[in-house]
Participant: 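Can you keep this structure in mind? I'll have questions shortly.
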Protein chains: 2
Amino acid sequence: MVADAEAGPVRAPLSRDRVLRAAVRMADDAGLGALTMRRLAEVLGAEAMSLYYHVANKDEVLDGIADVVAREINEAVDALELRSDGARWKDAVRCRILTARQVLLRHPWAPSVLETRAAMSPEILRYHDRLLGLMRDGGFSYDLGHHALHALGSRALGFSQELFDPGDGAAAPEELAGLAEQLPHLAGMLAEVAHDDPGSTLGWCDDQAEFEFGLDLVLDGLDRLRDR
Amino acid sequence: MVADAEAGPVRAPLSRDRVLRAAVRMADDAGLGALTMRRLAEVLGAEAMSLYYHVANKDEVLDGIADVVAREINEAVDALELRSDGARWKDAVRCRILTARQVLLRHPWAPSVLETRAAMSPEILRYHDRLLGLMRDGGFSYDLGHHALHALGSRALGFSQELFDPGDGAAAPEELAGLAEQLPHLAGMLAEVAHDDPGSTLGWCDDQAEFEFGLDLVLDGLDRLRDR
DNA sequence: ACCTGAACACCGTTCAAGT
DNA sequence: ACCTGAACACCGTTCAAGT
């Protein structure tokens, strides 16, 4: 066969792997809303319908990118080599979870897709299996370990529902007056922070610190149940 | 003006309220995926574009139905009349949260829309303000109360991320063999439950019990911090 | 003031066809 | 085996028009 005479860039052939990696990059760059079968194909230099040869449908793409992130998490935490015997279980679990969180922070869209995937990917199962293993080393019964996984919930993977985010948006001091009547306690809380740290009513919640506070609360509670 | 001679059912005029109530009913009946501007209009006996006179766009509909549920929660919890002084704060908060959960269980779609609403509705703010009030009665500083709201996260409203749901789907015993090699700890956990309660490997997680376990873990932890 | 119809710019996906 | 084009059945939304 004669070499291709045309100078046109011969696109690398598609594959499930290339499709998923491009999807992750798209979500990283432009958010989950920008991840469209049509735009995904475009980025890959292919026609929209070509994707369906490598992937059943969009749902499989979402399953796939969840799996990519989960694999990235497992690679990060497996490198830790944590000792987890006896009382050391807590530090080990804590470190593992905070490492997983570091990975998730690079993929801000990941929590919302992990939440919506009903079927658990093998990688997610593997992550929880090892986490449960650390707790077993620490003396947990399977029953307590089971409760622990539920109690941790998404925190096991390194994220938590930020449903309540006071100070986000334009919660400026001038709003406090109107706030104080309807919402006396929240207003008081905000006022105290404004007093302690004037000028920082906006974005005054340290996400990382709050995550660790909640995590430690749960881990300490589990540790006490373990002692019984 | 002469009475309308035609027998055709004269549809009640639209209104923001009617639109939102119909939207809630649609989500309750058929899930969030079925909630479409076009189908919403159809249910109301109107043309799709008529909705836009009463509501800016679909996002406002989602904000609206979140608010409807939040109002329903506030009505339920305000009726409780809880005593929260001193050590009684914990029972009061617990009861309030479990009552909110009862409302949410009637609207299974509500958690996912509450999560995605960045701007907090007045009703959600009000709910958290009163919750913080109960903790203040119990002797919480504003600082601890702030941490507490973050630590509770979505649990404050009565739901928790069910990311890890072993036993859901078709996790039948025959799968356990393959599971045991790759996932020894999860397999062991499942096997123990299967032994204790044979024949119930599927759906063996009691959501309500697990929710209460996690909630109590957090509340007990907060109670200890309050004592210092 | 309240509602409508036609039209636009998107989606995901099927299916028969091309190389 | 791998990719494509045209087409279908949906979306949310704009805009000018009707009563």
Side-chain angles (χ1 to χ4, degrees), chain A residues 1-6 8-24 26-27 29-66 109 112-113 116-119, chain B residues 1-6 8-24 26-27 29-66 109 112-113 116-119:
Chain A
M1 199 194 297
V2 188
D4 201 332
E6 304 176 62
V10 184
R11 183 186 39 53
L14 294 178
S15 71
R16 188 185 149 84
D17 213 67
R18 256 170 58 77
V19 168
L20 294 182
R21 278 216 303 275
V24 168
M26 273 190 72
D29 293 348
L32 211 56
L35 178 54
T36 264
M37 294 302 273
R38 291 170 130 100
R39 269 189 268 187
L40 182 54
E42 196 183 356
V43 149
L44 287 162
E47 228 52 36
M49 302 314 126
S50 308
L51 300 179
Y52 287 85
Y53 187 83
H54 303 278
V55 100
N57 47 37
K58 182 167 184 182
D59 229 59
E60 203 173 292
V61 172
L62 294 176
D63 284 339
I65 62 177
W109 49 270
S112 72
V113 4
T116 54
R117 300 298 92 190
Chain B
M1 200 193 298
V2 188
D4 202 332
E6 304 176 62
V10 184
R11 181 183 44 50
L14 295 178
S15 71
R16 188 187 149 84
D17 214 65
R18 256 170 58 76
V19 168
L20 294 182
R21 278 216 304 276
V24 168
M26 274 191 71
D29 293 348
L32 211 57
L35 178 54
T36 266
M37 295 301 274
R38 291 170 131 100
R39 271 190 267 188
L40 182 53
E42 196 183 356
V43 149
L44 287 162
E47 228 54 37
M49 303 313 127
S50 307
L51 301 178
Y52 287 84
Y53 187 82
H54 299 93
V55 100
N57 48 36
K58 182 167 184 182
D59 228 60
E60 203 174 293
V61 172
L62 293 176
D63 284 338
I65 62 177
W109 48 269
S112 72
V113 4
T116 55
R117 300 297 93 189

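Per chain, numbering begins at 1; letters A, B, ... match sequence-line order.
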Participant: Contact class for B/Ala48 (heavy atom, under 4.0 Å): base, sugar-phosphate, or nothing?
Facilitator: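 Since no nucleic acid heavy atom lies under 4.0 Å of B/Ala48, the category is nothing.
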
Participant: When you compare the side chain of A/Leu44 with that of A/Leu14, does any pair of heavy atoms fall below 4.5 Å?
Facilitator: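 In contact.
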
Participant: Can any side-chain N or O of B/Arg18 pair as donor or acceptor with the backbone N or O of B/Pro13 at less than 3.5 Å?
Facilitator: yes

Participant: B/Thr36 and B/Lys58: which non-hydrogen atoms are nearest, and at how many Å?
Facilitator: CA-NZ, 4.5 Å

Participant: Could you pull out the closest heavy-atom pair between B/Ser112 and B/Trp109, with the gap in Å?
Facilitator: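 Taking every non-hydrogen atom into account, OG-O, 3.0 Å.
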
Participant: With a 4.5 Å cut-off on side-chain heavy atoms, are A/Arg39 and A/Leu35 touching?
Facilitator: no

Participant: Starting at CE of B/Met26, measure out to CG of B/Leu32 and round the result to the nearest 0.5 Å.
Facilitator: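 Interatomic distance, B/Met26 CE to B/Leu32 CG, rounded to 0.5 Å: 10.0 Å.
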
Participant: Pick base, sugar-phosphate or nothing for A/Met37, based on heavy-atom distances below 4.0 Å to the nucleic acid.
Facilitator: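 Sugar-phosphate contact only - A/Met37 comes under 4.0 Å of backbone atoms but never of a base.
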
Participant: Grab the two heavy atoms, one from A/Val113 and one from A/Ala66, that are nearest each other, plus how far apart they are.
Facilitator: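 Closest heavy-atom pair between A/Val113 and A/Ala66: CG2-CB, 3.8 Å.
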
Participant: Does A/Asn57 use its side chain to pair, donor to acceptor, with the backbone of A/Glu60 at less than 3.5 Å?
Facilitator: yes

Participant: What's the shortest heavy-atom distance between A/Val61 and A/Leu20, and which atoms?
Facilitator: O-CD2, 3.8 Å

Participant: Can you give me the closest heavy-atom contact between A/Ala41 and A/Ala48, atom names plus distance?
Facilitator: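 Nearest pair, atom of A/Ala41 first, then A/Ala48: CB-CA, 3.3 Å.
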
Participant: What range of DNA chain D does chain B touch, first nucleotide to last, counting atoms under 4.0 Å from its heavy atoms?
Facilitator: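 First-to-last contact on DNA chain D, by the 4.0 Å heavy-atom rule, is D/dC11 to D/dT14.
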
Participant: Using a heavy-atom cut-off of 4.0 Å across all strands, would you classify A/Thr36 as base, sugar-phosphate, or nothing?
Facilitator: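 The answer is sugar-phosphate, as A/Thr36 gets under 4.0 Å only of primed atoms, P, OP1 or OP2.
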
Participant: Dot-bracket for DNA chain D, please, read 5' to 3', with Watson-Crick or G-U wobble pairs under 3.5 Å on both distances, ( ) within the strand, [ ] crossing, | other strand, . unpaired.
Facilitator: ||.|||||...|||||.||

Participant: What parts of residues 14-23 of chain A reach DNA chain C, counting only heavy atoms under 4.0 Å away?
Facilitator: none

